[in-house]
Structures are given as structure tokens and as C-alpha cells.
Amino acid sequence: MSLYKKDEREQLVFLGTAFLVHPAGYMLTVAQAVSMQDKLMVVPFPASDDFLPVSSPSFQAIPVRVAQVDPERDVALLSIIEDVEINMPDHVIGTPETTECGTVVACLGYAFGFQCIYSQVLQQAMVSAKILSANDTRLFLFDSRVHPGSRGGPLINIEDMRVVGVVSGQFDCLEASPADSEKSMPTSFSYAVSIDYAVSLMEKEGLDII
């Protein structure tokens, strides 16, 4: 789903992407996109295989709240406030430890949401590396350059169609490395935080992992 907040004029402001992980109405996104003080809303993608307009004049927004957040690992668990009927597959959580380099993955997100283009975008990639960041966060590095609107979307292992990570954005060597360096090296890589950290938030919320 696309993720928004209401501003002081009650207008929706695009923040990124969120995705369902539990039939009780829980979703995941990145911590960098949300705040406890925000009036958060999500909008589901139309269930259609037809060509869709890049922007819609109206849509149904669903209010959500921040249930749990881990800013150090950049993951947040959201909860839908209203009673909404949810249909989703079982066993959506994958196993990062068995996802090897060379695994084909895909990410879903609203890549161009900040440009007011609200079509969902599917990107395919390959896991290029599994690394630890400067604060020992487990990251998947993959060879596809995601756009800011896709942050918070799922990284899906194509082999079993399960989620192994939460997409955080484009990979920055200077942010990931503990070395004190001023040499910037632009890359075409992106990264996702291991789903393990999101599972910890779900368990803290008292949810059964499906």
C-alpha cells in the first residue's frame, strides 16, 4: 500500500510504501518514514491487471497507527485502526539466513509517489551481498536502484515468494562503512533490512508469525 500522513491542512502527503504482514491488520514500513505524532494513512493498490492512470483524483485512505518501531534498524510496525476485511496468503515471512547471494528477488513499491505518480512498480534484482552495517544491522545488498517512493516496500525471494527484507533505499557506502572517508562513490545498488528485525517487533506486539 502507499503510505501518507495528513498535514495541518488535512491534505495527504506521500511518505513511501508499506505492506501487510498479518491478517489482524499489521503492516511494515521503514522507521525513517513515520513518526508517532503523524496522522498516518494507507491506500491499497487497485486489484486490476489493466492499464491504470498514473494518478487518481480520489482514493480510499485507511487510517493506521505506529504499533512498534525500531529506529536503529529502520523498521516500523503499523496497525490499521478501522475494522477492515483482509485477505492475504499464509507464510509471508521468509528466511533471510537461507537467502544466498545470487538469489533472484523483487521489490514492490510506489517508486514515483513523490512525483505524484501512484502506480505500483515491480523491480527484479539479485542479492549481491549480505553485509553488516556500522551498527551491525543485517542488510541485503541488491543490484537494482530503487527510487525513494519504494522505501518501506517488501524484498521478496522469488524462489518461495516470501518476504526476506524491508527495502530502505539506495545504498550509500559512506553511511554503511565505519571508516572515516570523504570519498563518495555513487552506486546502482540498493539495500533492504533483514525481515528478522520486523519479526522481533511483531513478537513484541504479541502477534503469531505466519
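Just so you know, residue 1 is the first one in the sequence shown, and it goes up from there.
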Kindly compute the distance separating [atom1] ([X]) from [atom2] ([Y]), expressed to the nearest 0.5 Å.
| X | Y | atom1 | atom2 | value |
| --- | --- | --- | --- | --- |
| D196 | I93 | CG | CD1 | 9.5 Å |
| S79 | L40 | OG | CG | 11.5 Å |
| C101 | I131 | SG | CD1 | 10.0 Å |
| S119 | F112 | OG | CZ | 9.5 Å |
| D90 | R162 | CG | CZ | 9.5 Å |
| M1 | I62 | CE | CD1 | 5.0 Å |

Identify the two heavy atoms, one from [X] and one from [Y], that lie closest to each other, and give their separation to 0.1 Å.
| X | Y | value |
| --- | --- | --- |
| V164 | T95 | CG1-N, 4.1 Å |
| V64 | M41 | CG2-N, 4.1 Å |
| A67 | Y26 | CB-CE2, 4.0 Å |
| E159 | N157 | N-OD1, 2.9 Å |
| F142 | V105 | CB-CG2, 4.4 Å |
| Q170 | Y191 | O-CE2, 3.4 Å |

Heavy-atom side-chain contact between [X] and [Y] under 4.5 Å:
| X | Y | answer |
| --- | --- | --- |
| M36 | V69 | yes |
| F14 | K5 | no |
| C107 | V146 | yes |
| V21 | M202 | yes |
| V75 | V30 | no |
| M27 | L77 | no |
| I195 | V166 | yes |
| L78 | L3 | yes |

Side chain [X], main chain [Y], donor-acceptor under 3.5 Å:
| X | Y | value |
| --- | --- | --- |
| D38 | S35 | yes |
| K204 | V199 | no |
| R138 | V193 | no |
| H22 | A24 | yes |
| T29 | T17 | yes |
| S188 | R145 | no |
| D74 | S168 | no |
| R151 | A111 | no |
| D143 | F189 | no |

Exercise for the section: Decide yes or no on side chain to side chain contact (heavy atoms under 4.5 Å, CB included) for L132 and L139, but give the supporting numbers first. Expected result: CA-CA 6 Å; L132 291 174; L139 306 177; over 6 Å; no
State yes or no: do [X] and [Y] share one hydrophobic cluster built from I, L, V, M, F, W and Y residues joined by side-chain heavy-atom distances below 4.5 Å, directly or via other members?
| X | Y | answer |
| --- | --- | --- |
| V34 | V13 | no |
| V42 | M88 | yes |
| L141 | V167 | no |
| I80 | L15 | yes |
| M126 | I156 | no |

Exercise for the section: Kindly indicate, with the supporting measurements, whether the criterion side chain to side chain contact (heavy atoms under 4.5 Å, CB included) is fulfilled by V163 and L155. Expected result: CA-CA 6 Å; V163 181; L155 185 71; 5.7 Å; no
Fill in the blank from the handout: Across all chains, not counting sequence neighbours, the side chain to side chain contact (heavy atoms under 4.5 Å, CB included) partners of Q120 are F45, L108, Y110
Practice task
Answer with yes or no whether the side chains of S144 and Q123 bring together a donor and an acceptor at under 3.5 Å.
Solution key: yes
Exercise for the section: Count the heavy atoms of every other residue, nucleotide or ligand shown that sit under 6.0 Å from CE of M161, and state whether that count exceeds 12. Expected result: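 No, not enclosed.
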Problem - Test salt bridge (charged side-chain N to carboxylate O under 4.0 Å, His left out) applied to E205 - qualifying residues, sequence neighbours left out - result: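 Here the qualifying residues are R65.
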Exercise for the section: Taking salt bridge (charged side-chain N to carboxylate O under 4.0 Å, His left out) as the test, write out the residues that go with K6, two or more places apart. Expected result: E10
